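Predicted model, so just to flag it, every value in this text is computed and none were measured. Quick note on labels: first sequence line is chain A, next is B, and so on, each numbered from 1.
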Number of protein chains: 2
Amino acid sequence: MSPSPSPSAADAIRVAVSAVIFSLRAHPGADKLMIPLVRRTRDPHEGMWALPGGWLDETEGLDEAAARTLAETTALTPSYLEQLYTFGDVDRSPTRVVSVVYWALLRSDLVDAQRSVAGAPENVEWFDVDALPPLAFDHNRIAGYALWRLRNKVGYSRIAAGLLPDEFTLTELRAVYESVLGRRLDPSNFRRLLEGSEALVPTESFRTGKHRPARLFRYNADAETDKRGPLD
Amino acid sequence: MSPSPSPSAADAIRVAVSAVIFSLRAHPGADKLMIPLVRRTRDPHEGMWALPGGWLDETEGLDEAAARTLAETTALTPSYLEQLYTFGDVDRSPTRVVSVVYWALLRSDLVDAQRSVAGAPENVEWFDVDALPPLAFDHNRIAGYALWRLRNKVGYSRIAAGLLPDEFTLTELRAVYESVLGRRLDPSNFRRLLEGSEALVPTESFRTGKHRPARLFRYNADAETDKRGPLD
DNA sequence: CCAAAAGTGTTACTTCTACACCCATGG
DNA sequence: CCATGGGTGTAGAAGTAACACTTTTGG
């Protein structure tokens with residue numbers, strides 16, 4: 001990239017990829033937004049919780065590495081995956097590490113299925129984003145930034161549907177927004193907003209419960225003109 | 001960052017930092033938004049234009065490296081500097097390079113002063129963002145993304161003032177918005193919008209010209225609650 | 001006095017927001 | 001028939017956009 005042919009042989013900058021993986025997990029009252037953390041089994045910060053991640057392999061791109069990291073932690077494919085930020089302060093780790101961090105959304109139904117079938121992977125636990133323990137490295141800051149970005153993006157984009165199963169009612173989707181944003185939304189205004197946005201496609205099915213059946217909707221992946229860049 | 005102690009010794013992933021540096025340069029009619037490019041003097045894509053950049057040094061953070069890159073190209077300090085994105089596709093360069101890219105705004109008055117005093121640095125030339133030549137590597141894509149981000153951010157933030165000198169009239173600021181966004185804005189609505197935003201502080205000075213003198217304003221760095229994250 | 005930019009005011013229109021109200025179902 | 005969530009309507013507030021109009025300067 002630069003006029004000079006290469007960094008000096010003494011350089012030892014390593015590239016890691018980490019992920020902040022959001023999912024909604026059932027909870028009395030409102031569902032809780034949670035992320036999986038991995039307990040470290042090695043020297044720097046051994047025993048502390050950290051974001052899932054790994055070294056970037058020479059044969060894979062950044063997006064691939066993020067997807068691999070995510071699969072190794074949850075054995076799942078995310079419904080949404082986006083680069084968050086790259087952290088490279090000199091003192092963020094005892095050795096020099098540049099971390100390219102991604103954030104992702106997981107469908108709650110898949111997480112539940114995976115956990116009950118395969119059992120939880122070793123050393124992985126889910127934590128409420130509002131009650132994270134002290135994390136290794138600068139991971140608290142990273143998680144906080146990812147959460148801020150999620151909340152921000154939910155405001156103008158329709159990605160929140162990525163936390164739900166294929167089909168869902170408007171009330172379920174509204175509950176997701178309320179969990180993520182941390183405030184109540186007016187049901188009728190919420191309905192109008194999303195029905196006029198082309199982001200959702202109504203199906204012919206209804207969810208039957210204790211009360212009047214609610215129409216099921218499906219996420220419309222086509223209409224993603226939102227506010228993203230020419231990169232994705 | 002990961003359970004494994006280190007990437008294998010065979011790995012040869014190098015980290016570069018590049019910058020897309022925007023500045024307004026005088027032009028008949030409306031000012032043009034331009035970026036500096038560097039002509040490559042070495043093997044991969046020798047002779048082609050590329051974004052200014054260099055290898056990340058082991059002793060500097062990413063922000064520092066971006067500022068250094070920028071200073072080496074323009075001998076100037078940016079009025080705004082923000083990380084854009086990290087590019088790391090396997091095939092974007094003959095050898096494996098992960099590029100952390102920043103974007104920056106430069107005050108037009110400083111650029112002019114620097115150029116006339118010191119003369120243009122060797123192998124550096126400014127190009128209209130709407131008429132870039134074919135660039136080395138994936139730099140056309142990167143420049144396009146940076147431009148998209150600038151235009152997007154100008155819509156909801158007040159950073160456009162970073163392209164102007166310390167003091168400026170509302171008409172000058174509006175001209176910046178019009179150059180960046182590529183469309184005309186209503187003068188009176190523009191005035192109301194910015195006067196109500198606390199982003200600008202009126203001074204007691206006036207710019208006297210051919211017509212009625214216009215009040216000079218100053219950018220209010222304090223009121224930057226905009227829409228940025230807890231990172232900056 | 002005239003041209004042109006600086007600056008003020010007004011009106012129409014669109015979008016948000018709060019909330020009243022009817023509908024359909026299980027118990 | 002009633003409690004409750006599903007779903008529709010509407011009126012006021014707030015913000016946007018278009019444009020008429022007054023002010024102040026140089027020439």
*Reading 5' to 3' through nucleotides 22-27 of chain C, protein heavy-atom contacts under 4.0 Å coded B for base, S for sugar-phosphate only, - for none*: -BBBS-
*Per-nucleotide protein contact string for nucleotides 11-17 of chain D, where B marks a base within reach and S marks sugar-phosphate only (heavy atoms under 4.0 Å, - for neither)*: ------B
*So, is Thr171(A) close to the dG6(D) phosphate, meaning a side-chain N or O under 4.0 Å from OP1 or OP2?*
yes
Separation of [N] [atom2] from [X] [atom1] (nearest whole Å):
X         : N       : atom1 : atom2 : answer
Glu172(A) : dG5(D)  : CD    : P     : 14 Å
Arg215(B) : dT8(C)  : CZ    : C1'   : 14 Å
Arg191(B) : dA5(C)  : CZ    : P     : 14 Å
Leu194(A) : dT8(D)  : CG    : P     : 14 Å
Leu170(B) : dA5(C)  : CG    : P     : 15 Å
Leu216(B) : dG7(C)  : CG    : C1'   : 15 Å
Phe190(A) : dC19(C) : CZ    : P     : 19 Å
Leu173(B) : dG7(C)  : CG    : C1'   : 16 Å

*Under the side-chain contact (heavy atoms from CB on, under 4.5 Å) rule, collect the residues that match up with Glu60(A), sequence neighbours excluded.*
Leu56(A), Asp57(A), Glu64(A), Ala65(A), Arg68(A)
*Return the set of residues passing side-chain contact (heavy atoms from CB on, under 4.5 Å) with Pro134(A) (not counting sequence neighbours), or none when no residue passes.*
Met48(A)
*Quick one, which residues of residues 174-184 of chain B touch DNA chain D with a heavy atom under 4.0 Å?*
none
Side-chain heavy atoms of [X] within contact of [Y], under 4.5 Å:
X         : Y         : answer
Leu173(B) : Leu200(B) : yes
Leu147(B) : Leu33(B)  : yes
Leu110(A) : Thr77(A)  : no
Arg184(A) : Glu178(A) : yes
Tyr85(B)  : Val101(B) : no

*Ala214(B) vs Asp186(A), nearer the 5' end of DNA chain C by closest nucleotide*: Ala214(B)
*Is there a donor-acceptor contact under 3.5 Å from the side chain of Arg107(B) to the main chain of Leu164(B)?*
yes
*asked:* Using modelled atom types and a 3.5 Å cut-off, is there a donor and acceptor pairing between side-chain atoms of Ser205(B) and backbone atoms of Leu216(B)?
replied: no
_Proximity to the side chain of Glu195(B) - top-ranked nucleotide from dG9(D), dC19(D), dT8(C)_ = dT8(C)
_Test of understanding: with salt bridge (charged side-chain N to carboxylate O under 4.0 Å, His left out), list the residues that count as partners of Arg218(A), not counting sequence neighbours._
Asp166(A), Glu167(A)
*Could you check Leu70(A), Val124(A), Val111(A), Val20(A) and say which one makes a side-chain contact (heavy atoms from CB on, under 4.5 Å) with Pro36(A)?*
Val124(A)
